[in-house]
Novice: 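Starting off with a structure, shown below.
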Amino acid sequence: MPQSGSELETPVVVRFAPSPTGYPHLGNIRTALFNWLFARRYGGKFILRIEDTDVARKVEGAVEMILDSLRWLELDWDGSPYFQSERLDIYRDVANKLLTEDHAYLCYCSPERLEAMRQEQIKRKQPPKYDGRCRNLTQQQKDQLKAEAITPVVRFKTPLDGETTFHDLIRGRVSFKNSTLDDFVLLKSDGYPTYHLANVVDDHLMAISHVLRADEWLSSTPRHTLIYQALNWQAPHFAHLPMILGPDRSKLSKRHGASNIIEYREQGYLPEAMINFLALLGWSLDDRTELLTREELVKNFSLERISKTAAVFNRDKLEWMNGVYLRQLSLDEFVRQATPFLDRDLPVSVRRPLDSDYTRQVMSLIQERAKTLAEVPRLAGFFFLDELQYETSLLLSGGLSSKAAIEAIRTPLKRLESAEVWDAKSLEDVLRALATELSLTTGKFFGLLRVAITGRSAAPPLFQTMAVLGKGKCLERLTTALDRLSALAQA
Ligand code: GLU
């Protein structure tokens with residue numbers, strides 16, 4: 001394969017080149033990650049370049065969000081970020097060179113004319129493209145238009161026939177008919193370059209060796225190839241990354257869950273889990289391995305194992321993976337990570353700051369169960385609340401009559417009042433013996449106690465939960481459950 005040779009021949013320099021026209025989503029960050037992994041794998045450079053040449057579509061705060069996302073995921077870039085808006089002179093010079101060498105021309109067509117032309121083409125069911133009106137203006141026409149003081153754009157003179165071909169490291173040979181490409185704009189009338197011009201100029205000047213970018217840019221690559229040829233510049237290697245589809249196999253979008261990568265942080269995903277998950281969206285080590293650390297990814301990443309077919313985003317897999325990474329944390333680290341979520345999401349009635357010893361004990365029971373940090377306050381809430389909210393009928397969901405349930409709470413309540421030791425082991429001993437004494441299956445008995453103690457039917461192991469909650473709270477909750485059942489029986 002040509003790629004193995006070419007990867008190693010040149011020093012690897014790659015770039016992540018987002019446009020701040022929106023907040024970075026999963027697909028953008030997957031592109032960043034693949035570039036970063038490739039650079040780190042081959043001891044190369046990873047450049048960050050903000051492609052902010054579309055003034056009208058610029059979104060406030062997007063640049064900060066891009067930097068924040070990369071920092072969160074520890075995708076560190078080399079040197080300072082470049083901003084294309086600070087390099088306008090460079091693009092203008094190249095546009096002038098292309099003009100002088102007859103690879104480009106000035107176009108004076110008004111936006112209104114272009115729009116009317118587009119509508120007409122759509123009506124005739126033709127693909128919209130510039131009709132080349134200004135391509136062959138006579139000197140006299142040019143002088144006249146200049147005199148009218150219309151600010152022209154610069155268009156590339158695309159060959160009218162033939163094909164433009166390039167090699168893609170993932171897809172192989174790719175070819176486009178020049179007749180489909182039209183005379184695209186290089187420099188806009190506001191003096192800003194288009195994506196095509198700025199992207200090529202910067203990839204050249206920054207000595208980018210490999211362009212790893214999303215599939216959607218494939219149709220831009222023949223245009224870029226033509227610009228490289230016109231300027232007599234060596235084009236970088238191209239690799240277009242497979243699309244990411246939603247579970248319903250349509251292009252991944254907001255409908256499929258969090259759209260902006262920072263939302264995943266807010267939902268309690270760990271950066272390491274995100275990295276692992278994103279790496280497998282279009283790349284694999286083999287056909288089995290799901291869990292890979294950042295170091296393992298860096299060691300093994302290669303273009304050869306990027307798939308040609310689209311990747312499918314699977315949220316369940318992400319949650320599962322995040323759960324795995326959460327369980328791998330030390331308890332202290334888990335507590336540290338979970339605390340902001342508890343502070344943010346526990347009901348306001350819970351007094352802050354939380355008691356740190358108690359929180360640590362609670363977290364030791366929750367860590368096993370949480371798939372995301374945002375889930376933690378919900379899973380742990382009953383440990384912190386003074387009063388539980390639940391339907392009394394939940395106490396009877398195991399199928400006991402209210403009379404039997406009353407008995408099944410009153411007895412342990414009495415027995416536990418005099419308990420001197422309050423740990424999981426002694427609680428288990430006492431309560432197991434009681435199940436036999438009351439002739440109840442442990443399933444029914446413990447199920448009932450679980451609802452009384454936690455207000456829900458699924459919770460961490462009962463005896464450990466009771467041990468952490470402490471005697472006072474447990475007795476209080478059993479008493480409340482008893483009162484609720486008695487009231488129900490009398491009603
Ligand atoms: N500015 C483009 C983007 O937003 C860069 C595409 C490329 O990598 O060439 O994705």
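In listed order, ligands and their atoms are each counted from 1.
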Novice: Does ligand 1 come near enough to Pro18 that some N or O of the ligand is less than 3.5 Å from an N or O of the residue?
Specialist: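 N/O-N/O distance under 3.5 Å: no.
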Novice: Please work out which of Phe238, Trp217, Tyr195 has its closest non-hydrogen atom nearest to atom 10 (O) of ligand 1.
Specialist: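 That would be Trp217.
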Novice: Between Phe34 and Phe301, does the ring centroid distance fall short of 6.0 Å?
Specialist: yes
Novice: I'd like the name of whichever of Pro20, Gly27, Gly22, Ala17 reaches closest to atom 5 (C) of ligand 1 through any heavy atom.
Specialist: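 Looking at heavy atoms only, Ala17 sits closest to atom 5 (C) of ligand 1.
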Novice: Answer side chain, backbone, both or neither: which part of Thr31 comes under 4.0 Å from ligand 1, heavy atoms only.
Specialist: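 Neither part.
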Novice: Does the separation of the ring centres of Phe277 and Phe313 fall below 6.0 angstrom?
Specialist: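 Between Phe313 and Phe277, which both carry aromatic rings, the centre distance is below 6.0 Å.
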Novice: Please identify which atoms of ligand 1 are closer than 4.0 Å to at least one heavy atom of Asn199.
Specialist: 7 (C), 9 (O)
Novice: List every atom of ligand 1 that sits less than 4.0 Å from any heavy atom of Glu51, numbering the atoms from 1 in the order shown and giving each element.
Specialist: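 Numbered from 1, ligand 1 contributes 1 (N), 2 (C), 5 (C).
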Novice: Describe, in one word, how the ring planes of Phe166 and Phe176 are oriented to each other, choosing from parallel (under 30°), tilted (30 to 60°) and perpendicular (over 60°).
Specialist: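 Parallel.
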Novice: Begin from the C-alpha positions of Asp89 and Arg92 and carry the test salt bridge (charged side-chain N to carboxylate O under 4.0 Å, His left out) through to its verdict.
Specialist: CA-CA 5 Å; Asp89 290 350; Arg92 200 167 306 140; 3.5 Å; yes
Novice: Between Arg171 and Asp215, does any side-chain N to carboxylate O distance fall below 4.0 Å?
Specialist: yes
Novice: Who's the nearest protein heavy-atom neighbour of atom 8 (O) of ligand 1, and how far?
Specialist: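 Protein heavy atom at minimum distance: Arg15 NH1, 2.7 Å.
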Novice: Is it true that Lys299 and Glu295 make a salt bridge, defined as a side-chain N closer than 4.0 Å to a carboxylate O?
Specialist: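 Between Glu295 and Lys299 there is no salt bridge, as every charged N stays at least 4.0 Å from the carboxylate O atoms.
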